[in-house]
**Student:** 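Please find one structure pasted underneath; my questions will follow.
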Amino acid sequence: MDVDEDGLEGPAAATGNRDLLCAPSASTADAPQLQRATAAFVCRDERFRLEKRTYDSQYAPIYFCRLEIMTPMLLERVAQGWPGVPVSKILDLPEGQEVAVVGTIYKEMKLKPSILDEYNKERGLENLTGRAKLAAPDDTLVLEDASARMALRGDGCPPGPLVTGVVAAVRGAAAPGGDFDVKAVLFAHLAPQPERPRAPPGPAKYVALLSGLGIGEGGDPARLALAVEYLGGFLGGATEQAMSAQVVRTVVAGGLLASSQALEAPPPQGGAAKLRQPALSLGPLKEADMVVAQLAAAMPVDVMAGAADPANQALPQQALHACLLPNAAAYPTLHRVTNPHEFEVDGVAFLGTSGQNVADVLRYSEGDDAAEALTRVLEWGHLVPTAPDTLAAYPFAADDPFVLRACPHVLFAGNQPEFATRMVTGREGQRVRLVCVPRFCDSGTLVLVNLATMAVHPITFDASLEA
Amino acid sequence: MSHLQMRARGPKGGEPPMKRGGGSGGGSGSGAIDDDMVEAHFAVEPEGLDIDDEDQHLQMADIDVDLGEAGRNWERPLPPPLDPRSDSITFQQLEVDYFVGPPNAHSLQVHRTDLHEVPILRMYGVTEAGNSVCAFIHGFEPYFYVEAPMGFGPDEAEALSRELNVKLAARNARGGRQSRFCMRVELVQRQTVMHYQAARSRTFLRIVVATPNLVAQARGILEGGIFVEALNTTRAFLTYESHVVFALRFMIDASIVGGNWVELPPSKYRLVPDADPARVTHCQLEAHVHYASLISHEPEGRWSRLAPFRILSVDIECAGRKGCFPEAEKDPVIQIASMVTEHGSAKPLVRNVMTLGTCAPIVGSEVMSFSSEEELLKRWRDLVVETDADVVIGYNICNFDLPYLIKRAETLEVSTFPFWGRIRKSKLRVRDTQFSSKAYGTHDWKEISIDGRVQLDLLMAIQRDHKLSSYSLNAVSAHFLGEQKEDVHHSIIADLQAGNAETRRRLAVYCLKDAYLPQRLVDKLMYMYNYVEMARVTGVPMSFLLTRGQSIKVFSQILRKARQRGLVVPNIKVHGGNPADGVAYEGATVLDAKQGFYKTPVATLDFASLYPSIMMAHNLCYTTLLPKDRLREVPPEDMIRTPSGDTFVRTCRTKGILPEILEELLAARKRAKADLKAATDPFVKAVLDGRQLALKVSANSVYGFTGAVISKMPCLEISSSTTAYGREMIEHTKKLVTAKYTRANGYEANCDVIYGDTDSVMVHFRVASTERAMELGKEAAEYVSKTFVKPIKLEFEKVYNPYLLINKKRYAGLLWTSADKWDKMDAKGIEIVRRDNCLLVRNVVTTCLEMILIKRDEEGAKAYVRRTIADLLMNRLDLSLLVVTKGLTQMAESYKVKAAHVELAEKMMKRDAATAPTLGDRVAYVMVKGAKGAKSWEKAEDPIYALEHGLPIDCQHYLDHFLEKPLSRLFGPIMKNPKDLMSGDHTRSITVAKLSKQAGGIMSFAKVRPTCLACKAPLEGSAVDLCPHCRPKEAEIYARSLGTVNELEAAFGALWTQCQRCQGSLHQDVLCTSRDCPIFYRRKKTQKDLAEAHAVLARFPDW
């Protein structure tokens, strides 16, 4: 897999681009009539949508399905990568012979918080102090197949970058005492990729990726207003307007609100309080509704829920309820979608999340490079490996919808601390554009993806006057 | 064929002398102690054993064949070649017992006698190289003493011997071939241990008999009166040391203490060669020796190590029928997991599980599958023999696992099964016994005799040594190892067994884990070190420690000490009497507690080892006690009158043996502690720490020994004098301290003694700084100490700041031992660890204490209580906080009053016999709302049932019966009327769970109409969520419902993944039903609540 750090297009940082703040051309007459470009759109969210829910099932089926679905992929990789190495189940491990074993990784971590800590004062306090990073040098790995587990050791498989839930093939031999000495490890790698259709003639079209609007907490509302106006085509000179007219779709990858706390009722103090429950502060939500409505008035908009948004938190997050965005919901161009969200625009396949998967991988492994983590996710062949272990997820009874069964052309993650992108090339020539969409409220940046070239184009807005 | 009749302990006639339980402790039992010390009659069975030699050898050969892959690591290392003429055998002995058989088996002439049967001791142990040894010790004769009548000479003794022999012969007419019973009566110079005796010695008769069981008979005859020719009259004798069990007698006389190293010197022993038909044990080395040739090493220096003995940890699984606890007569044993660990090594040598029916392999463990239970049992028997364990451990093995296996083998008629003791042809025996002791309470248990293998049931050990809220293996491992244990209910076990190789593997993994936990507990709690050291310090075999009370340990030390001084211990008849009215003397005093919340430092002055030091200081002992009628024998300056009015002689006359024992114990403890500080090797450290602990416990139990009414040597004069001194000293301390630390004497304030317990006095110096309080404490301790007789010493150890004194024996505070930082929160007698409370009480009390003491936020604590009460009344608390568990120990008929958990168990039995708790299970329940005036036992309900049927919790009951008392107590010193916490605004609003159809009763007839999610108004028309009035607030109401969903989703994820981690598998469903686990109910409740919360959310139509 090759990773290409380049592929940026246009001005990388448009900070201080005075042009944007110019009033539209003085005379409207000489301005060309701009028509917003359109593109074919197919939503592929069915497997993330949960109409009927039951909670009778535990989490074992998800892992079981994950292993079932991914084992053939890994066996293929083993046949290519380690020709001639026999594949064994953990239970049938021969002693002293080198074999390959396919199974789910479980990472033993001392710092992993446990709900039992609530009952154990000392540890509980320690965890409450909030550690961003839970990986430690003494973490160890266990590999589990359908019937048994074994401890992994050896340098062939350092625990650092790995997380629980990844399906992997390990090569090595059983050591006396039941441990497995790992020489090398293989992951599912990139799944087959549908061919990207040739871009239609004419100017390139763009999909805008936006996330982390962070409405409701300080922030800089002016900057967001600028971005919305820009996308709506109300901003900048002819070049900017021509460009924004080519944006066929905006995807809000989670993070409408700064925090969900605004919506949570404060814990009632004493019994009488219940009767006079304070009204929820719905201000930020109303504001978000306005922003989304404005966008939806201009073009099709997909709104995904994020970690702090008023939707259920367990993955897959379901679409925001219409009553929360009454104005925006009135537009047929508003698509309230699930997180993760998978779709095609003019045949270009997008798949992305509001960023919880990347954050959780970073929390439970070494390194703090989001693009790197997203690359690993792709290489592992699983969008959210740490669900359900450390990331809440619905207990699917007969499927694991997060397995990357096909390789998207664009893989994105919202709510990242900063913008980053990579072009990843797979063994079979798959080319995947990775995009870490930064939190807009922190960076003022949205990202345009060129559907023809797969180039990305970050645009940063700055409404401060000093610059 | 061997002519050696090893079956000494007949299955009926024989009661094993060593493995006896019984109320030997300072007991409250029936007073049957006397009998306990009686040697049982040993039936000597001729031939006709269950298996003969050939069969035995054949079996052993078979084992080697199918050992195969699995058993490679089973056997012990081969012993090095040994030349008895030049090499000695040195081993750590772990167990001593004896049998009665013909002397000098085969041609091994180690002891010449004309007797047909003699007692032969067997000592089992392990050499440093890890080889097992059984030494047969010949030539030690049972005996006891009586006082010689005046003018008794050798001829009179001879005559008495003859008379006794005749009497004994008459009683043992059926005994057959024995030629003599009373061997001889010797004249010896001894003195009684009772009361001060001016004369050093007088003549005693040492009566030597042929076999140990004759001791009791001879004693009976002598005590009952025997015709004495010399006096020409019938006379009854007081016997001395006639109640010492034979093995202990031997150990005392040979200076052997439990678990010490013993040497058989070169050319003094005879080795039985490997293949010799005379071999009777499974030990690697078998030697015969005369008792006089034994060398016993004192457990010091290089002889303080522990041998690498082998510990076998066992767990079995049985397939019970639905709804019944497994019974050995009916239900098969389906799996046996065994772990063999060499002491001192971190990992087990052998991890084996034997399964009935196929079982998929388990990484790192040997799996052996069998198609029949008989084969399984036989193979396991062989495993025990091959791995040759010295110690057998497990959880509840004495009452469940081992008896079950034996019973099961009996039912299946596997006659070769119960032979896994170390004596080849000796069958295992099971006997019901009761252990009752003042210190440990009464426990019923099954006594199993496994020759040469020590049993240590972790359940019994932990029940004895630790006060826990629950003793399930889960609770115990959570407490000591900090992990939850998966718990598979026995009703599921049968299903797993009936499945396939995979499901049986699942069970096998579980079974292996359960076998490993006891080993880990042993390691964590350092049981091996502590028990061996306790045996060494007190001189009793290790097996006594678990099966007997405290008193045998003290008794053993008294006997040893008395022997050194030429003293003998009389067998005092304990006069029946009701143990309830036994305590005829006044106990320790407790100074009245001045209730309050002290926000400035309170110093604690402790008497170091109070009772032992009093006994030492005032020479209190059996040997120094001067009876009231003999006061004139000693000049007054040589006497001490104790505050209780008893008189003892001073050390110038004679030094008591109890003070001497205590001095030695405390000196040894000092040494051990000093060595501990200096030691670096962790194993040495463990040994030393075990020793100092054993020494401390032993020193403290001496006082109890003299005070226990039903004991071997009660002497209330000693114990009441001791406590009287203690009381006096506490009062004295109080007087001195309050007189000295006054403003008038230049101190900051007038101090106040606010509380005094048995051995400590709490002084409130009324100074602000902890440092100053420590200074004053140290000073006061030294000042008061000077006024006491040595070695009594008042020590300053700690300061409490702040200190919440509730009443006698109930207090809490932050403990400081240095002025910089507090060490911990210390609480006594407060509901933190009461077992029959629900978690709610523990949590609330703990949190309040923390808020009051650590954060010093009294108002915060009150607010917290009010909030919790409001949460309780509004049904917002986690159900698992409200669950109460109680063990179902007897069926309903046996309980006199109706008990909630018993009634509930019956109710559950009627609902579904398969999952209902049965005898031995723990019953968990919550209190649900009942009809008006319902008795509280009627309100108990299975938490799962209550959950599933939406039964409302009786919150008021929890408030009134669980929370009120502890909270009133806790807040008593802080606020005027703590009851205010339990009433007021926050208790006015009460939420009761909506009754659902499943709740039955009237609800099954009710028709449910949808109501508005916000205002509960019935809905009209097609709307299913909100009424028109509430519609404008839709987003808000939706967001609120969402909050609930999110809380539950997060909890659901955290809970179920935790269970996955606990069971150690991602791909298999969680089966655990551990009701002791704090998240068991929560996980179930979250599952249900989450589905409901999502259903509510789904009622909002999305357009």
Side-chain angles (χ1 to χ4, degrees), chain A residues 53-56 58-60 63-64 67 90-93 104 106 114-116 118-121 144-150 164-165 174 177-178 260 263-265 267-272 274-275 279-280 282 285 310-314 319 321-324 326 329 388-393 395, chain B residues 347 360-365 482 484 502 505 839 846 863 866-867 870 873-874 985-991 1033-1036 1038-1040 1042-1043 1045-1046 1049-1061 1064-1070 1078-1079 1087-1088 1090-1091 1094-1095 1097-1098 1100 1102-1103:
Chain A
R53 284 165 183 272
T54 55
Y55 284 88
D56 300 334
Q58 301 183 4
Y59 281 136
Y63 285 112
F64 191 79
L67 190 65
I90 292 178
L91 291 183
D92 312 331
L93 277 185
T104 310
Y106 178 80
S114 157
I115 193 149
L116 291 173
E118 282 178 28
Y119 302 90
N120 179 352
K121 292 264 169 203
E144 178 175 334
D145 69 10
S147 50
R149 47 166 61 182
M150 59 184 185
T164 296
S260 56
L263 289 174
E264 277 161 19
Q269 304 289 321
K274 165 108 198 236
L275 306 172
L280 294 178
L282 293 176
L285 194 56
N312 70 313
Q313 297 299 299
H321 195 268
C323 72
L324 302 170
D389 191 46
T390 46
L391 202 52
Chain B
K347 280 197 173 173
I362 297 164
V363 182
S365 303
Q484 291 292 332
E502 289 290 326
R505 177 183 177 280
L839 204 56
T846 316
R866 291 205 177 93
R867 206 157 59 233
L873 294 177
M874 290 175 65
D985 257 3
H986 60 289
T987 58
R988 301 258 156 76
S989 107
I990 294 171
T991 310
K1033 287 193 289 182
E1034 186 180 5
E1036 190 185 331
Y1038 179 84
R1040 251 194 249 283
L1042 203 55
V1045 164
N1046 281 336
E1049 276 188 347
F1052 183 88
L1055 291 165
W1056 285 96
T1057 53
Q1058 177 55 46
C1059 288
Q1060 282 192 318
R1061 284 175 217 161
S1065 165
L1066 300 173
H1067 296 129
Q1068 281 161 336
D1069 272 341
V1070 175
I1079 65 174
Q1087 204 169 21
K1088 183 177 180 309
L1090 183 52
H1094 264 296
L1097 213 54
F1100 291 90
D1102 204 351
W1103 27 276

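These figures come from a predicted structure and were not determined experimentally. Chain naming here is simple, since letters A, B, ... match the order of the sequence lines and numbering starts at 1 in each.
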**Student:** So does N1046(B) get a backbone contact from the side chain of Q313(A), meaning a donor-acceptor N/O pair under 3.5 Å?
**Tutor:** no
**Student:** So which of Q1060(B), R1061(B), R505(B), E502(B) has the largest heavy-atom pair count under 4.5 angstrom toward chain A?
**Tutor:**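 The answer is R1061(B).
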**Student:** By a 4.5 Å heavy-atom criterion (distance strictly below it), what part of L1066(B) contacts chain A: side chain, backbone, both, or neither?
**Tutor:** both
**Student:** Whether the side chain of H321(A) engages the backbone of F1100(B) through a donor-acceptor N/O pair (distance < 3.5 Å, no angle test) should be reported.
**Tutor:**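 Yes: the side chain of H321(A) pairs with the backbone of F1100(B).
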**Student:** Heavy-atom distances under 4.5 Å only: say whether Q1068(B) touches chain A with side chain, backbone, both or neither.
**Tutor:** both
**Student:** For a side-chain contact (heavy atoms from CB on, under 4.5 Å) check, start with the C-alpha distance between Y63(A) and E144(A), then their side-chain angles and the critical distance, and finish with the verdict.
**Tutor:** CA-CA 10 Å; Y63(A) 285 112; E144(A) 178 175 334; over 6 Å; no
**Student:** Output the option from T390(A), D145(A), L391(A) having the highest count of non-hydrogen pairs under 4.5 Å with chain B.
**Tutor:** D145(A)
**Student:** Taking the side chain from E1034(B) and the backbone from C323(A), do they hold a donor-acceptor pair closer than 3.5 Å?
**Tutor:** no
**Student:** Side chain, backbone, both or neither: which part of L1097(B) has a heavy atom under 4.5 Å from chain A?
**Tutor:**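 For L1097(B), no heavy atom lies under 4.5 Å from chain A.
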**Student:** Counting heavy-atom pairs under 4.5 Å to chain B, which of A311(A), A146(A), A393(A) comes out on top?
**Tutor:**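 With the most close heavy-atom pairs to chain B, the winner is A311(A).
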**Student:** Given that the side chain runs from C-beta out, which part of V1070(B) has a heavy atom under 4.5 Å from chain A: side chain, backbone, both or neither?
**Tutor:** both
**Student:** Could you report the tightest heavy-atom contact between F1052(B) and Q1087(B), atom names first, then the distance?
**Tutor:**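 For F1052(B) versus Q1087(B), the nearest heavy atoms are CE1-CG, 3.9 Å.
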**Student:** Please report the interatomic distance OG1(T104(A)) to CG(D389(A)), rounded to the nearest 0.5 Å.
**Tutor:** 11.0 Å
**Student:** Counting only non-hydrogen atoms closer than 4.5 Å, does R149(A) touch chain B with its backbone (N, CA, C, O), its side chain (CB onward), both, or neither?
**Tutor:**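 R149(A) touches chain B through backbone and side-chain heavy atoms alike.
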